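To find a chain, count down the sequence lines: A is the first, B the second, and so on, and within it residues start at 1. The shown structure was predicted, so the numbers you read here are calculated from the model rather than taken from an experiment.
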Number of protein chains: 2
Amino acid sequence: MPDDFYEQTPDANAAATEGVMNTIRTADMFFDRIGRLLRPLGVSAAGGLVLGILRDHGTMSPSELGERLIVTRATVTGLLDSLERRGCVIRSANPADRRGLLVSITPAGLTVVKEVRTIIHGNERDWMSVLSDAELRTYVELLHRIQDRLVRS
Amino acid sequence: MPDDFYEQTPDANAAATEGVMNTIRTADMFFDRIGRLLRPLGVSAAGGLVLGILRDHGTMSPSELGERLIVTRATVTGLLDSLERRGCVIRSANPADRRGLLVSITPAGLTVVKEVRTIIHGNERDWMSVLSDAELRTYVELLHRIQDRLVRS
DNA sequence: ACGTGATAGTTAGGCAGCGTATTGTCAAGA
DNA sequence: TCTTGACAATACGCTGCCTAACTATCACGT
């Protein structure tokens, strides 16, 4: 998002606008870099998140995956389609509820998620290295405050 | 993006990861809220950006729009298709270069962009009101430092 | 004058997200 | 029992973003 979108606004909103626009721009950059780093592994950024969750928390339903990812169930369906095609996860019937499924990570998926983490962690550390430890703590705290405001719509 | 994706990482990367993930999550929230606010106007968040640029800088080529938006020309094609369908912009031939086009905002587009700004500015101010002026300045400065690091890949 | 490479825009195909509608299943109350 | 409302997953259509390939045009160097 370009700086100049709102440059004609001379009032007190300018600072708030800059905060919002720069947040979005920075996140876009992160997401873009992560996607490029993961492409050689054959998974998307979203797919990497799914595998990480399955690795840490084990088999779960698509709905629960959606809650953890903060996306809709419809989106989870598509993500699982991709991951299943690549052999990273399998869907099986939930014996306790015939409406539901259970999603499990495969050995191939475990291999992928291991590589994902190695790649991403190093880069994240690098990206944030321009902030001191104290600045990073401040930054995260400010983000949390903004998020708290946002969840209250 | 869920907090717990990387929770099993006990080393020094945890703070950096939290910074990256929270940036993405916050931006997602911003983008979602903006999209919902703009839906009644019949334009997407990206469409609103295009109209704002055209309003501030006048007629320009799709390529230049793409540079300002930091998206590819192919993406601009799609955005202009939508905006043209809604009567907000028109494409015309560039008399100086028969390869190129010129995109102009229409009176209807001007009306829309005015409403967009009114709606968005008030909300941005509200969202960022949880930070003091000094904190907001700090926040934006930290974002700029991170962005500077990111543009150097 | 004429290739040759660069540029402008589109198209095609893919992924990821959404909202909405649909189908099947569960659970609770009449 | 049976109906009714909630829930699980999917299908469909839309937007937005990408890359790659294509056509048309330009601009430069020979």
Side-chain angles (χ1 to χ4, degrees), chain A residues 1 24-25 27-51 60-67 69-86 88-103, chain B residues 1 24-25 27-50 59-67 69-86 88-103:
Chain A
M1 315 295 162
I24 292 175
R25 192 192 344 251
D28 271 357
M29 288 177 160
F30 279 143
F31 209 73
D32 174 74
R33 304 302 189 278
I34 292 173
R36 286 175 200 279
L37 287 166
L38 262 43
R39 184 163 317 156
L41 301 180
V43 293
S44 65
L49 283 174
V50 171
L51 294 180
M60 69 181 64
S61 68
S63 295
E64 190 179 347
L65 270 172
E67 285 164 25
L69 287 166
I70 319 180
V71 299
T72 63
R73 289 198 301 275
T75 299
V76 174
T77 298
L79 288 172
L80 293 180
D81 286 347
S82 301
L83 288 170
E84 203 166 34
R85 244 179 285 137
R86 281 159 183 71
C88 292
V89 303
I90 51 170
R91 280 186 258 224
S92 49
N94 181 347
D97 186 339
R98 276 192 293 170
R99 294 173 301 179
L101 299 177
L102 291 175
V103 184
Chain B
M1 313 292 162
I24 292 175
R25 192 193 344 252
D28 270 357
M29 288 178 166
F30 279 144
F31 208 73
D32 175 72
R33 304 301 189 281
I34 292 173
R36 285 175 202 279
L37 288 167
L38 261 44
R39 184 162 319 154
L41 299 182
V43 293
S44 63
L49 283 173
V50 171
T59 293
M60 70 181 65
S61 68
S63 295
E64 189 178 348
L65 271 171
E67 285 163 25
L69 288 166
I70 321 179
V71 298
T72 63
R73 289 196 305 273
T75 299
V76 174
T77 297
L79 290 173
L80 294 181
D81 286 347
S82 300
L83 288 170
E84 204 167 35
R85 242 180 285 134
R86 281 161 182 70
C88 292
V89 302
I90 51 169
R91 282 185 257 222
S92 49
N94 181 344
D97 184 341
R98 276 193 291 169
R99 294 171 301 179
L101 298 177
L102 291 175
V103 184

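The separation between Leu65(A) atom CG and dT10(D) atom P is 11 Å, rounded to whole Å. Nucleotide dC15(C) holds its P atom 15 Å from the CG atom of Leu38(A), rounded to whole Å. One interatomic measurement links the two molecules: CD1 of Ile70(A) to P of dC18(C), which rounds to 10 Å at whole-angstrom precision. Rounded to a whole Å, the CG atom of Leu83(A) is 11 Å from the P atom of dC15(C). Distance Asp28(A) CG to dA16(C) P: 16 Å, rounded to the nearest Å. For the pair Leu69(A) CG and dG17(C) C1', the interatomic distance rounds to 12 Å; values are reported in whole Å. Computed from coordinates, the Ile34(A) CD1 to dC18(D) P distance equals 16 Å when rounded to whole Å.
Under 4.0 angstrom from either OP1 or OP2 of dC26(C) there lies at least one side-chain N or O belonging to Arg98(A). In terms of phosphate contacts, Thr75(A) brings a side-chain nitrogen or oxygen within less than 4.0 Å of OP1 or OP2 of dC18(C). Regarding contacts with the backbone of dG14(C), every side-chain N or O of Arg39(A) stays at 4.0 angstrom or more from both OP1 and OP2.
For Arg36(A) and Arg86(B), each mapped to the nucleotide of DNA chain D holding its nearest heavy atom, the one lying further toward the 5' end belongs to Arg86(B). Each of Asp32(B) and Arg85(A) has a nearest nucleotide on DNA chain C; the 5'-most of these lies closest to Arg85(A).
Two residues are said to be in side-chain contact when any heavy atoms from C-beta on lie closer than 4.5 Å; Leu65(B) and Leu80(B) meet this criterion. Contact annotation: the side chain of Glu64(B) never approaches that of Thr59(B) to less than 4.5 Å [non-hydrogen atoms, C-beta and beyond]. Residues Pro95(A) and Leu102(A) are in side-chain contact: their nearest non-hydrogen atoms beyond the backbone lie under 4.5 Å apart. Using a 4.5 Å cut-off on side-chain heavy atoms (C-beta onward), Asp81(A) and Arg91(A) make contact. Looking at Val103(B) and Pro62(B), their side chains come closer than 4.5 Å, going by heavy atoms from C-beta outward.
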Give every pair of a protein N or O atom and an N or O atom of nucleotides 6-10 of chain C that lie under 3.5 Å apart, one pair per line with the distance.
from    : atom 1 : to        : atom 2 : distance (Å)
dT7(C)  : O2     : Arg99(B)  : NH1    : 2.8
dG9(C)  : OP1    : Leu101(B) : N      : 3.0
dG9(C)  : OP1    : Leu101(B) : O      : 3.4
dG9(C)  : OP2    : Ser63(B)  : N      : 2.9
dG9(C)  : OP2    : Ser63(B)  : OG     : 2.3
dG9(C)  : N7     : Arg73(B)  : NE     : 3.0
dG9(C)  : N7     : Arg73(B)  : NH2    : 3.4
dT10(C) : OP1    : Arg91(B)  : NH1    : 2.8
dT10(C) : OP2    : Thr77(B)  : OG1    : 2.9
dT10(C) : OP2    : Arg91(B)  : NH1    : 3.3

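Between Asp32(A) and Arg36(A) there is a salt bridge, since a side-chain N of the basic residue sits under 4.0 Å from a carboxylate O of the acidic one.
Annotation: salt bridge (charged side-chain N to carboxylate O under 4.0 Å, His left out) contacts of Arg86(A) (sequence neighbours excluded): none.
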